[in-house]
Amino acid sequence: MNRPTPRIPSQPSDPTAGPLLPTSYSLFARLTDHRTIGIQYLILALVSVILGTLLSLLMRIHLVWPAWPLWFHGPILPEDYLALVTIHGTIMLFFVLTTAPQAGFSNLILPAQIGARSMAFPILNAASFWLTAVALLTLLSSTFVPGGSAISGWTAYPPLSAVSSAGPGQALGMDLWLISIALFAIASTASSINTLTTIIRNRCPGMSWERLPLTVWGWFTAALLSIIAFSVLLAAILLLLCDRHAHTSFFLPTGDLVSGVIHQGGDGSPLLWLHLFWFFGHPEVYIAILPGLGLTSMILANFSHRKVFAYRTMITTTLLIGFLGILLWGHHMFVAGLNPFASSAFSISTIAIALPASAKVLSWLATIWRSRPQYTTAMLFSLGFVSLFITGGLTGPILAQPILDEYLHNTTFVVAHFHLIMAMAGVFALYAATYYWFPLITATRNHPGRLLSEPLGRLHFWLTIIGAYAVFLPMHLTGLAGEPRHYAQLTGIPGPGGALSPTGLLLAHTIPLNRFITYAAIFLATAQLLFLFNLFHSLRKGPFATSNPWQATTLEWHPTLNPFTPLPASDTPEITVHRAPCHYSSTDIGDAFLPQWVQHTAVQPSIEDTTNAKPE
């Protein structure tokens, strides 16, 4: 049925006055504006994910065709492969999966979702971004120094990371890696303090804790974890730098032989680094995924036109996942010689976190059960998030068993597990957020926000989810076959008398499956070109969105909180929240929704045309 084109709000009479943008065009106002900072974070994350994806493709190609020469470089040597592993993991974990959801989208959306005009500390907010940018440049610069990038992986285990002569890249390259992560830790801690203060102090009237959207609860819990986890990581990095340059022995045991040199001095222990690093490392998984958990709940409810099932329980499970997330770092150390009692304790706590995670899955299923969902691209990516979260989570209890982890530890089985539940699920949440909030991202003083193409978005979703499973499901099989995750070559590993060693024979049998994984990885990466085309085309030529194209109930869609508002800042009334989000119902004239800011007790029918904004 043909419907009229959605109405585009009239342009403000004073284009320099908008409630969410700086009231002047000064450079300082622009640099400290939370929307500007949020977009800067997202641009940084976009550049980072492109670089990280290219590095992963080089790794996959080298595993299958080890003699393939890299342009302007030549053959990829084992130390080059380990450098690719290190930089890929560092970029993706820190500068994509942490930066985009926790700093990028929170700056763009969080103030509006709680009815605030800005973040609590604008100057600190801007400083956090620029410190993050310096950290990324420092990391990338390590590629061009003598010896190249660090080769110790993103975990940087000592004693190899503590001794400059341990191998190529372990001198200046390792120092730059440590400095980069230290700068990132400082920036993330400052940004998290800003986030917590904004949520606690800047909520509008009526926005009680129980009325906060679940996305805000995700940002709140992730910020708490960030302050704790990154503070410990920063301390560990400072101790490691002291071992490298101040001749201390926090992580170096006496008599340790590294590259033909016996360490003399204090009696340190590499286990101390493992405890400190993984006390950060496992909460980092939830820092990356918690905002996605909250967004998934809200999007599923939005496009199913249902309330979130067991809303208070979902708040509780978010906090519980954050709390348990800092108690189970030891399951990364089952093969490191832990006390059996400690291993059992960490195993039980790891299995325990499956309870709140399962409660979230049940809530999602109950929310969409027997509804009539509208399968927009944002909805599809949220459903994809649920699928990946379940699939990746199923292998978690397996790795939580010390006896099973002894065999699977450091194999590609672990790579498949954390790429599904953290990397791919996290990326699907970012895609859902981009398609859902694109009208708010692109809105300016001069024109309303635009929409991404829904047909291209749906095609992008199906290609991406097929590619994701094609890459990472077979990795479970290669891991079960015993393939180590850091081996630079799977063929020609010699044994006695020139014959293949047992390891070489074992890994040679995984080559056909690895070749399939590499083809699938190339397919998955190529599919993302569709998103990039959709993104850049829609930035300039995408259809204009209405003020609330998805019939959402949360405050970021309030007309006067939109950067393109028909009212100057002086005429915007104070915003008051009257209820929790996700109030939907069905009436004789169709679905209806009641936003948080509407005072009426009766559900308001959705009379604004949204044909182009919300495809059926």
Side-chain angles (χ1 to χ4, degrees), residues 41-100 104 132-133 135-145 148-151 153-154 169 173 176-177 180-181 184 288 412 415-416 418-419 422-424 426-428 430-431 434 460 463-464 466-468 470-472 475 485-489 514-536:
Y41 270 120
L42 292 182
I43 293 173
L44 183 144
L46 180 62
V47 172
S48 298
V49 77
I50 292 173
L51 291 175
T53 301
L54 292 175
L55 294 178
S56 67
L57 290 179
L58 290 177
M59 291 157 51
R60 290 303 321 172
I61 291 172
H62 175 73
L63 282 176
V64 177
W65 299 288
W68 178 76
L70 181 62
W71 302 294
F72 308 110
H73 178 80
I76 298 178
L77 302 175
E79 55 267 30
D80 299 326
Y81 180 83
L82 292 177
L84 291 175
V85 172
T86 302
I87 301 301
H88 163 76
T90 305
I91 285 178
M92 290 300 209
L93 189 71
F94 291 98
F95 297 98
V96 178
L97 294 173
T98 301
T99 295
T132 303
L136 177 61
L137 293 176
T138 302
L139 176 69
L140 297 178
S141 69
S142 67
T143 306
F144 306 102
V145 301
S149 303
I151 63 173
W154 75 276
L176 290 174
W177 187 91
S180 169
I181 303 307
F184 187 88
T412 55
V415 176
F418 73 75
H419 272 82
M422 181 178 69
M424 292 313 304
V427 167
F428 268 57
L430 292 177
Y431 278 137
T434 303
H460 172 225
L463 294 178
T464 301
I466 291 171
V471 171
F472 296 111
M475 278 191 188
R485 60 190 289 193
H486 288 155
Y487 271 33
Q489 187 172 335
N514 271 290
R515 187 175 290 112
F516 172 81
I517 294 173
T518 298
Y519 289 143
I522 295 172
F523 170 82
L524 177 61
T526 304
Q528 307 319 303
L529 296 177
L530 192 63
F531 169 75
L532 293 177
F533 171 79
N534 194 359
L535 176 68
F536 291 113

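No experiment lies behind these values; they were computed from the predicted model shown. Heavy-atom basis, side chains included; hydrogens, waters and symmetry copies ignored.
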Between side-chain atoms of residues 518-525 and protein atoms elsewhere (two or more places apart, or another chain), which donor-acceptor pairs fall under 3.5 Å?
unit_1, atom_1, unit_2, atom_2, d
Thr518, OG1, Arg60, O, 3.2
Thr518, OG1, Arg60, NE, 3.4
Thr518, OG1, Arg60, NH2, 3.4
Thr518, OG1, Asn514, O, 3.0

Please set out all donor-acceptor pairs under 3.5 angstrom arising from side-chain atoms of residues 69-83, sequence neighbours excluded.
unit_1, atom_1, unit_2, atom_2, d
His73, NE2, Asp80, OD2, 3.0
Asp80, OD2, Leu77, N, 3.0

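Remark: Leu530 pairs with Leu456, Leu459, His460, Leu463 by the side chain to side chain contact (heavy atoms under 4.5 Å, CB included) rule, at least two apart or across chains. In terms of the ring pair (Phe, Tyr, Trp, His ring centres under 6.0 Å) criterion, residue partners of His419 (sequence neighbours excluded) are, by chain and number, Phe472. Under the side chain to side chain donor-acceptor pair (under 3.5 Å) criterion, Thr90 pairs with Trp177, sequence neighbours left out. With sequence neighbours excluded, the residues satisfying ring pair (Phe, Tyr, Trp, His ring centres under 6.0 Å) with Phe94 are Phe184, Phe280.
Shown here for Leu93 and Met422, the closest heavy-atom pair between the two residues is CD1-CE, 3.4 Å. Across every non-hydrogen atom of Val145 and Ser142, the tightest pair is CG2-O, 3.2 Å.
Between Val47 and Ile50 there is no side-chain heavy-atom pair separated by less than 4.5 Å. With contacts defined as side-chain heavy-atom distances shorter than 4.5 Å, the pair Gln528/Thr53 does not qualify. A heavy-atom distance below 4.5 Å is found between the side chains of Ser141 and Leu176.
In this structure a side-chain-to-backbone donor-acceptor pair under 3.5 Å is present from Ser180 to Ala135. Side-chain atoms of Ser48 do not come within 3.5 Å of backbone N or O of Ile91 as any donor-acceptor pair. With hydrogens and angles disregarded, no donor-acceptor distance shorter than 3.5 Å links the side chain of Thr99 to the backbone of Ala45.
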Worked verdict on Thr412 versus Tyr487 for side chain to side chain contact (heavy atoms under 4.5 Å, CB included)
CA-CA 10 Å; Thr412 55; Tyr487 271 33; over 6 Å; no

Would you sort out whether Leu97 and Val427 count as a side chain to side chain contact (heavy atoms under 4.5 Å, CB included), showing the intermediate values?
CA-CA 7 Å; Leu97 294 173; Val427 167; 4.3 Å; yes

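Here the straight-line distance linking atom OG of Ser56 with atom CD1 of Ile87 works out to 13.5 Å at 0.5 Å rounding. If you take OH on Tyr431 and CG on Leu535, they are separated by 9.5 Å, rounding to the nearest 0.5 Å. Atoms CG and CH2, from Leu63 and Trp65 in turn, are 10.5 Å apart once rounded to the nearest 0.5 Å. Here the CZ atom belonging to Phe531 is positioned 9.5 Å from the OG1 atom belonging to Thr464, to the nearest 0.5 angstrom.
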